[in-house]
Amino acid sequence: MASSSEGLGLGFGSEDVDPSIAMTTDVELLKRAWRNEKAAPEILQFQHELVQRSSEQVQLMEETVEDFEQNGADPLTVSVYQMDLDRMQFLLRSYLRIRLQKIVKYMIHISKSEAWSRLSEQEQKFSKRCMDDMEKHLNQSVLSRLPYGYQSILKQSISSEEDDMVPQPHLDTYVFCKSRTPLGALQIADGEDPMDVLADFLYLFHYKSIRSFVESGHVDLF
Amino acid sequence: MSRYFDIDDIIMEDELSSVVFKVGANGVGLLDPSAETNRVEQGSKVELPFWLANELYLRQAVSVIVPQCFNQKTRREIQADAAYVDLRSRCPYFYELGCKVAPLIGDRTIGSFLLYAFMNRFKDVLSKAHSAAFAVAPRFLPLLTKEEMHLYEAARSSMTAFKKWRVGGSRFEKASILGKKKRSGE
Amino acid sequence: MYGRRASQLLKELSTSEPGQLTSFNTDLFDQALKECNAHHLELQSLMRKIQEEELDVQTTRNAEHFGAVIHHLSLIRNKRCLMAYMYNRAVIIQSLRWKLGPVLPQEIQEKLNFSEEEYFKNYSAALESYASELELDLTVDMVPPKDPYIKVRVLDDIGDVLLSDQSPNLACHSIHFLKRTDAEQFISQGLMEELLG
Amino acid sequence: MAGQSDPSLSMFSAAEVEFLAEDEMVEIVPNLNMDTLNLICVNFIFFGYFLSLSQGDFGPFRPQMATSVPLWLAVALKKRGKCTIRCPQWMSVEKLTQVLEAERDSPAQFQPLPFHYVEISRLLFDNARDDIPDMYMARSLIEDIRDVRFHKFESGLEKISSSTHVVKLKNLSAMEVNIVRPFFVRALQAFAKHDSPQMIHHQQDAMSSRQAHPQDDGPRRDLRRR
């Protein structure tokens with residue numbers, strides 16, 4: 001990948017900063033994770049440490065706000081801290097929520113693919129439970145009342161060669177994104193000239209062609 | 001099949017196509033209204049929903065006749081004035097059926113025909129979704145296929161949501177599923 | 001035509017407004033299930049005939065064989081419709097938990113069949129157990145936050161409630177300043193409305 | 001719920017786009033004394049600077065001493081009458097008039113504006129009207145700019161075709177992207193579907209196309225720059 005390093009001693013040329021360790025606040029990272037998760041058609045890697053740190057910060061801030069309230073601090077200050085806390089909590093909740101929605105939608109597919117390892121331990125537990133509940137529900141209303149050979153929740157009938165009933169994420173879609181660093185010349189389409197992908201431009205890409213850059217943190221979805 | 005539970009895909013596969021049976025089939029007389037016995041004779045021409053026609057084609061039991069909405073007459077009309085052809089009454093799932101039926105009838109030109117039709121119609125969908133929608137909608141909307149309606153809705157609803165945001169107002173609302181019953185204070 | 005009733009179920013779903021739930025159509029549903037079993041009987045009787053006549057299915061494409069194929073395909077089609085009907089309703093039922101909380105109002109409950117009611121409870125419990133492991137209620141903050149407190153008017157007699165920072169009497173028409181996250185579910189349930197300004 | 005996004009479209013609601021914009025920095029002039037706030041929810045601007053502040057410190061706030069804060073904080077203080085907000089330069093009637101003219105003069109490109117110009121301006125018009133010189137004029141200029149840009153985008157959309165594989169969008173703003181996203185993405189998908197190899201080239205065997213694993217299909221249409 002082409003990456004010019006014109007960074008001066010002072011400050012950071014945006015291009016030579018490894019995006020995964022660039023000096024950024026957790027809120028910024030959480031916002032990025034939230035945007036990516038919202039825009040990506042499939043479930044992305046759970047951000048364990050980030051969520052852990054964010055929850056701790058939320059807790060700390062909750063204690064601070066409580067302290068302020070008890071010590072009769074100026075109500076405006078309390079209110080500002082509360083708003084700050086609320087913004088963080090919204091991001092955290094919304095991030096976890098989008099993931100749950102995707103998990104429920106694609107639970108069987110996820111459980112049978114490498115995507116399973118992208119879930120947190122709690123999400124895996126939730127997913128298993130949801131699968132059991134859904135299976136039970138579909139079994140008692142439909143499947144158990146169908147003739148033998150047609151009762152599978154995965155296959156349309158015993159003559160199906162593969163699991164032809166399982167919903168899968170639609171990776172064949174388009175996403176808006178920005179690259180954090182110049183990606184250099186990318187081969188976007190077979191048999192086409194590579195295209196120079198610049199930083200800070202908004203692009204509309206085929207999700208599959210930039211999927212790996214989203215995973216590596218070089219590209220942000222929007 | 002990632003679209004197994006997809007409502008549109010399921011309903012689309014109900015679209016009828018004419019097929020000719022290359023084999024006889026017993027115990028399914030219901031398929032052929034003209035059959036006198038409970039079987040379909042070899043050589044019978046029958047209208048079947050796509051889900052059945054397709055699978056029988058794959059098993060080489062039937063040949064599929066080009067559906068009317070892809071015949072030369074429709075093609076000429078589309079070429080003359082794409083935006084004003086009433087595609088919905090011909091087939092609400094015009095594009096989807098076209099994509100699925102093309103391999104069955106071995107017609108290489110259907111792909112480019114669909115593309116041409118779509119390209120020449122979708123611009124209109126967009127401008128009407130965003131502009132004076134109320135004035136044109138009644139005449140224009142009934143011509144659209146299902147996919148075009150989805151596009152129209154996509155454009156219209158995001159514009160409506162934006163306008164609503166710009167006007168401001170309550171950020172919290174009653175869940176729409178509860179219906180719009182009487183609200184005290186109004 | 002085969003599969004007609006089952007696809008009628010789906011048409012019913014597709015014509016109702018997005019996110020809305022119609023009453024479970026037990027009649028049509030059971031008829032479609034019956035059709036599945038009828039196809040199976042026909043299928044079996046054709047298969048028996050093939051065996052009796054000792055025809056080799058692999059080589060001779062006989063009329064019994066194709067009859068059986070058609071009944072098999074029709075059964076699969078009916079299954080797809082029935083499954084999609086249940087599945088897509090289940091998706092709406094999931095969303096009810098997010099919008100209305102763990103207890104459904106009577107008018108909604110009446111639209112569910114027995115299995116769906118049970119599914120709602122199970123989904124609700126799964127969600128609650130996930131949230132309690134995280135010690136974070138996920139059903140609030142559905143929209144980005146503004147001020148911590150909002151002004152609301154009560155639309156129904158809710159009575160005394162215990163909220164996170166106060167325990168007001170929420171009488172009909174009374175007006176309160178509540179924590180946004182406390183008021184959110186009430187508004188969604190139609191028991192309160194937000195007042196601006 | 002009004003502000004909630006539709007998960008099936010993986011789309012952001014307008015309120016969520018606004019939420020992102022609220023982290024943009026603006027200058028305020030406080031009229032109160034308040035100690036330094038140590039916040040968690042802040043933008044961290046590092047381009048070209050070593051930050052002397054620890055992250056998330058704002059203030060201390062002293063009357064008449066201008067300082068930079070995130071927009072949400074500025075609006076909160078303003079609502080409580082604790083500050084005036086300095087109208088950003090790009091929101092002056094003079095600048096906006098220039099931008100509008102330039103937008104009209106160049107049908108093929110968008111003028112550079114802040115990524116969140118729609119949201120920032122709305123928040124300021126709604127909450128700090130007395131701090132914006134010529135508020136009504138500025139507001140109608142922004143409306144006009146947005147309209148011109150939108151129509152420009154709309155005519156740009158007419159050029160998308162089956163050969164559109166990547167679209168590079170210079171200077172399109174966050175809210176603008178959000179409005180066109182559902183239509184744009186769906187239209188591109190439709191183009192791709194009608195132009196797939198199975199449709200254009202005759203498939204050899206209908207059975208084999210069913211087994212093609214979707215994950216393995218690489219992108220195949222040509223690349224088009226705009």
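Just so it is clear, the structure is predicted and the values come from calculations on it, not from any experiment.
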Exercise for the section: Would you indicate whether the side-chain heavy atoms of I70(C) and V40(B) approach each other to under 4.5 Å? Expected result: no
Handout entry: Donor-acceptor under 3.5 Å (Q189(C) side chain, L178(B) main chain)
Key = no
Handout entry: Residue-level contacts of residues 115-123 of chain C with chain B, using a heavy-atom cutoff under 4.5 Å
Key = none
Exercise for the section: To the nearest 0.5 angstrom, please state how far the CZ atom of R80(C) sits from the CD1 atom of I10(B). Expected result: 4.5 Å
Practice task
Measure distances from K111(C) to the heavy atoms of chain B and classify the residue's part below 4.5 Å as side chain, backbone, both or neither.
Solution key: neither
Practice task
State whether the side chain of R171(B) and the backbone N or O of P144(C) hold a donor-acceptor pair below 3.5 Å, judged by distance alone.
Solution key: yes
Exercise for the section: Please determine, among R4(C), H71(C), E17(C), M192(C), the option with the most heavy-atom pairs under 4.5 Å with chain B. Expected result: H71(C)
Handout entry: Residue part contacting chain C, namely of Q42(B), when any heavy atom lies under 4.5 Å
Key = neither
Completion exercise
One should read off an interatomic distance between K11(C) NZ and D14(B) CG, to the nearest 0.5 angstrom, of 4.5 Å
Handout entry: Contacting moiety of S74(C), where chain B heavy atoms sit under 4.5 Å
Key = both
Handout entry: Heavy-atom pair of closest approach, residues A61(B) and F66(C)
Key = CB-CE2, 3.4 Å
Fill in the blank from the handout: The reported gap from CG in N38(B) to CD in E42(C) (rounded to nearest 0.5 angstrom) is 6.5 Å
Handout entry: Min side-chain heavy-atom separation F172(B)-F186(C) under 4.5 Å
Key = no
Practice task
Keeping the roles fixed (side chain from R39(B), backbone from E64(C)), state whether a donor-acceptor pair exists under 3.5 Å.
Solution key: no
Problem - K174(B) side chain near L191(C) side chain, heavy-atom distance below 4.5 Å - result: no
Practice task
Determine, step by step, whether W51(B) and I76(C) satisfy the side chain to side chain contact (heavy atoms under 4.5 Å, CB included) criterion, reporting the C-alpha distance in whole Å, the side-chain angles of both residues, the deciding distance to 0.1 Å, and the verdict.
Solution key: CA-CA 10 Å; W51(B) 57 265; I76(C) 281 183; over 6 Å; no
